Amino acid sequence: RGFNRLRQDARAELADLRHRIEEAYYADCGIRTVRVTGVEIDPGLVANLRELFGWHWRCTSAPAAAKAVAIEMYRQSIGGTKAAFQIAAEVSKVTGASIYDAKIFLYEAIWNRELIVDLFAPLLIVQPLTASRRDPLVVYSEWLRR
């Protein structure tokens, strides 16, 4: 048990040293650093961003016009009672894009902030899209300032 504690202490000391070196290098270039740990970030936000990130690089063969129509349909549904998958089905029917493409449009638009939804609440395809009550960029703005 004592050996593991020493290893943990050594790792913590090395991590602290690495952080101080990074801070010094960044400071030389005029870049501010902020130490943040995972427990300081809302877990719901983290889960949603992980999910969105997994979708935002996916490719679609649907035309750009279909995407514009889809985004507007999703925008109109925010705060409504229809689940996101129901809107995706409607998008598919209206635009001729696949439901998969309709989901890509949704998640990509949220990632790109073309659709502003509540990222602190679970973002589930089986639930309606909810309007944002808190903007993550505002909530964590102190970390992001220059």
Side-chain angles (χ1 to χ4, degrees), residues 4 7-8 10-146:
N4 284 336
R7 288 182 62 197
Q8 287 176 335
R11 280 192 298 234
E13 208 172 300
L14 287 173
D16 183 60
L17 179 60
R18 188 191 73 224
H19 287 301
R20 285 189 283 139
I21 291 169
E22 288 173 351
E23 286 174 3
Y25 276 116
Y26 287 133
D28 282 348
C29 299
I31 300 170
R32 182 177 83 92
T33 57
V34 179
R35 288 193 193 186
V36 176
T37 64
V39 297
E40 296 177 78
I41 305 171
D42 183 278
L45 175 64
V46 171
N48 286 331
L49 292 176
R50 280 194 176 132
E51 177 70 18
L52 292 171
F53 186 77
W55 280 89
H56 93 282
W57 288 107
R58 297 185 191 196
C59 296
T60 175
S61 59
K67 180 179 179 179
V69 170
I71 291 172
E72 188 53 35
M73 289 176 72
Y74 287 122
R75 185 174 286 117
Q76 296 288 330
S77 77
I78 295 173
T81 58
K82 287 185 181 177
F85 80 86
Q86 291 172 301
I87 306 303
E90 291 175 11
V91 164
S92 178
K93 186 183 274 188
V94 168
T95 65
S98 70
I99 291 179
Y100 179 77
D101 286 338
K103 288 171 61 176
I104 291 173
F105 297 152
L106 171 64
Y107 295 129
E108 189 177 78
I110 294 170
W111 179 263
N112 292 328
R113 297 179 57 88
E114 296 169 282
L115 290 173
I116 305 297
V117 299
D118 189 358
L119 292 175
F120 291 96
L123 183 58
L124 303 172
I125 197 80
V126 296
Q127 292 181 345
L129 298 172
T130 56
S132 178
R133 293 176 288 142
R134 299 181 297 156
D135 184 341
L137 296 180
V138 172
V139 172
Y140 299 107
S141 64
E142 179 58 28
W143 296 350
L144 305 172
R145 74 171 174 78
R146 290 185 173 238

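Bear in mind the structure is a predicted one, so any value in this text is a computation, not a measurement.
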Next item on the list: Using side-chain contact (heavy atoms from CB on, under 4.5 Å) as the criterion, list what pairs up with Lys82, not counting sequence neighbours.
Entry: Gln86, Ile87, Glu90
Margin query: Are more than 12 heavy atoms, taken from residues, nucleotides or ligands other than Tyr25, located less than 6.0 Å from that residue's OH atom?
Written below: no
Can I get a per-line list of side-chain donor-acceptor pairs under 3.5 Å for residues 116-128, giving both atom names and the distance, sequence neighbours left out?
residue : atom : partner : partner atom : Å
Asp118  : OD1  : Phe120  : N            : 3.0
Asp118  : OD2  : Arg133  : NE           : 3.2
Asp118  : OD2  : Arg133  : NH2          : 2.9

Checklist line | Check: Ala102 main-chain N/O paired with Tyr74 side-chain donor or acceptor under 3.5 Å | finding: yes
Item checked: Donor-acceptor pair, side chain of Arg75 and main chain of Glu114, under 3.5 angstrom -> yes
Next item on the list: Evaluate the criterion side-chain contact (heavy atoms from CB on, under 4.5 Å) for residue pair Leu106 and Val91; output intermediate values, then yes/no.
Entry: CA-CA 10 Å; Leu106 171 64; Val91 164; over 6 Å; no
Item checked: Counterpart residues, side-chain contact (heavy atoms from CB on, under 4.5 Å), relative to Ser92 (two or more places apart) -> Ile99
Note to self: Quick check for you: to the nearest 0.5 Å, what is the distance between Asn48 atom CG and Ile110 atom CD1?
What the structure shows: 8.5 Å
Check: Would you call Leu137 and Arg113 a side-chain contact if the rule is heavy atoms closer than 4.5 Å?
Finding: yes
Please set out all donor-acceptor pairs under 3.5 angstrom arising from side-chain atoms of residues 31-41, sequence neighbours excluded.
residue : atom : partner : partner atom : Å
Arg32   : NE   : Arg145  : O            : 3.2
Arg32   : NH2  : Glu142  : O            : 2.5
Arg32   : NH2  : Trp143  : O            : 3.4
Arg32   : NH2  : Arg145  : O            : 3.1
Arg35   : NE   : Glu23   : OE2          : 3.1
Arg35   : NH1  : Asp16   : OD1          : 2.9
Arg35   : NH2  : Asp16   : OD1          : 3.4
Thr37   : OG1  : Glu40   : OE2          : 3.1
Glu40   : OE2  : Thr37   : N            : 2.8

Next item on the list: Going by the salt bridge (Lys or Arg N to Asp or Glu O under 4.0 Å) test, name the single residue among Lys67, Lys103, Arg58 that passes it with Glu108.
Entry: Lys67
Note to self: A side-chain contact here means heavy atoms from C-beta on lying under 4.5 Å apart; do Arg134 and Asp42 qualify?
What the structure shows: yes
Next item on the list: Would you check if the side chain of Ser98 reaches a backbone N or O of Asp101 as a donor-acceptor pair within less than 3.5 Å?
Entry: yes
Checklist line | side-chain contact (heavy atoms from CB on, under 4.5 Å) partners of Glu51, counting only residues at least two apart | finding: Trp55
Checklist line | For Gln76, side-chain contact (heavy atoms from CB on, under 4.5 Å) partners two or more places apart | finding: Glu72
Check: What are the two closest non-hydrogen atoms of Ala62 and Phe105, and how far apart are they?
Finding: CB-CZ, 3.5 Å
